[in-house]
Novice: 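My questions will all concern the structure given below.
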Amino acid sequence: QVQLVESGGGLVQIGGSLKLSCVVSGRTFNRYAMGWFRQAPGKEREFVAGISWTGGFSDYADHVKGRFTISRDNAKSTMYLQMNSLKPVDTAVYYCAAKRTSLGIIVIKEQQVYDSWGQGTQVTVSS
């Protein structure tokens, strides 16, 4: 397994931007499909975005398409989530997740497939 550490969360106003980072250590980062999930108070954790280990394929939840961008830098063992046009409904704890795979093009949306998780970073969008 790998260790994941998220950072970059904070308090932002409506319409603002934040960039989350997820640093991965312990194994070869560029063999891991990665994902971002979030959990709002009183709600279940949900998929936000996922990216293949090649970085060439990605997918997003409908409610963040066009506003969020997932990316990764395999040389830095880091994944990012650029969040723009933030809304109060985006308020949640954001988690990154990793799953080792031999398939370089796979994007994983199902959280039960991931076997490594970070501790989460809080994002609060104020009105």
Novice: The criterion is salt bridge (charged side-chain N to carboxylate O under 4.0 Å, His left out); which residues satisfy it with Asp73, sequence neighbours excluded?
Specialist: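 For Asp73 there are no salt bridge (charged side-chain N to carboxylate O under 4.0 Å, His left out) partners, ignoring immediate neighbours.
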Novice: For Lys65, check salt bridge (charged side-chain N to carboxylate O under 4.0 Å, His left out) against everything at least two apart and list the hits.
Specialist: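 Asp62.
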Novice: Mind checking side chain to side chain contact (heavy atoms under 4.5 Å, CB included) for Gln112 and listing every partner two or more places apart, or none if nothing turns up?
Specialist: Glu110
Novice: Is Ile14 isolated, or which residues cluster with it under the ILVMFWY side-chain rule of less than 4.5 Å, directly or via members?
Specialist: Val2, Leu4, Val12, Leu18, Leu20, Val24, Phe29, Tyr32, Met34, Trp36, Val48, Ile51, Tyr60, Val64, Phe68, Ile70, Met79, Leu81, Met83, Leu86, Tyr94, Val123, Val125
Novice: Mind jotting down which residue pairs meet the side chain to side chain donor-acceptor pair (under 3.5 Å) criterion with at least one end in residues 79-88? Sequence neighbours excluded, please.
Specialist: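 For residues 79-88, and leaving out neighbouring residues, the side chain to side chain donor-acceptor pair (under 3.5 Å) pairs sorted by first residue read Ser17-Asn84, Gln82-Asn84.
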Novice: What residues, two or more places apart in sequence or in another chain, satisfy salt bridge (charged side-chain N to carboxylate O under 4.0 Å, His left out) together with Arg67?
Specialist: Asp90
Novice: Does Val107 sit in a hydrophobic cluster with other residues, and if so which ones, taking ILVMFWY side chains as linked at heavy-atom separations under 4.5 Å, directly or through other members?
Specialist: Phe57, Ile105
Novice: At their closest point, which heavy atom of Gly104 faces which heavy atom of Ser52, and how far apart are they?
Specialist: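 Minimum heavy-atom separation between Gly104 and Ser52: O-CB, 3.1 Å.
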Novice: Going by side-chain heavy atoms closer than 4.5 Å, which hydrophobic residues are tied to Leu11, directly or by a chain of links?
Specialist: none
Novice: Side chain to side chain contact (heavy atoms under 4.5 Å, CB included) with Tyr114: which residues, sequence neighbours excluded?
Specialist: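 Per chain and number, Tyr114 pairs via side chain to side chain contact (heavy atoms under 4.5 Å, CB included) with Phe37, Ala97, Lys99, Ile108, Trp117.
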Novice: Does anything in residues 49-85 form a disulfide (SG to SG under 2.5 Å)? List the pairs, not counting sequence neighbours.
Specialist: none
Novice: Can you tell me how far the CG atom of Asn74 sits from the CZ atom of Arg31, to the nearest 0.5 Å?
Specialist: 9.0 Å
Novice: Holding to side-chain hydrogen bond (donor to acceptor under 3.5 Å, both in side chains), I want the full list of residues that pass it with Thr101, two or more places apart in sequence or in another chain.
Specialist: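 In terms of side-chain hydrogen bond (donor to acceptor under 3.5 Å, both in side chains), with neighbours along the sequence ignored, Thr101 is linked to no residue.
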Novice: Can you pull the disulfide (SG to SG under 2.5 Å) pairs that have at least one residue in residues 60-127, sequence neighbours excluded?
Specialist: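 Applying disulfide (SG to SG under 2.5 Å) to every pair that reaches into residues 60-127, excluding sequence neighbours, yields Cys22-Cys96.
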Novice: Honestly curious: do Val113 and Phe47 fall in one hydrophobic cluster under the side-chain, below-4.5 Å linking rule?
Specialist: yes
Novice: Could you check whether any side-chain N or O of Arg100 sits under 3.5 Å from a backbone N or O of Asp115, counting only pairs where one atom can act as donor and the other as acceptor?
Specialist: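 No.
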Novice: Name the residue from Arg38, Gln39, Gln111 that meets the side-chain hydrogen bond (donor to acceptor under 3.5 Å, both in side chains) definition with Glu46.
Specialist: Arg38
Novice: Give a yes or no answer on whether the side chain of Glu6 reaches the backbone of Gly120 with a donor-acceptor pair at less than 3.5 Å.
Specialist: yes
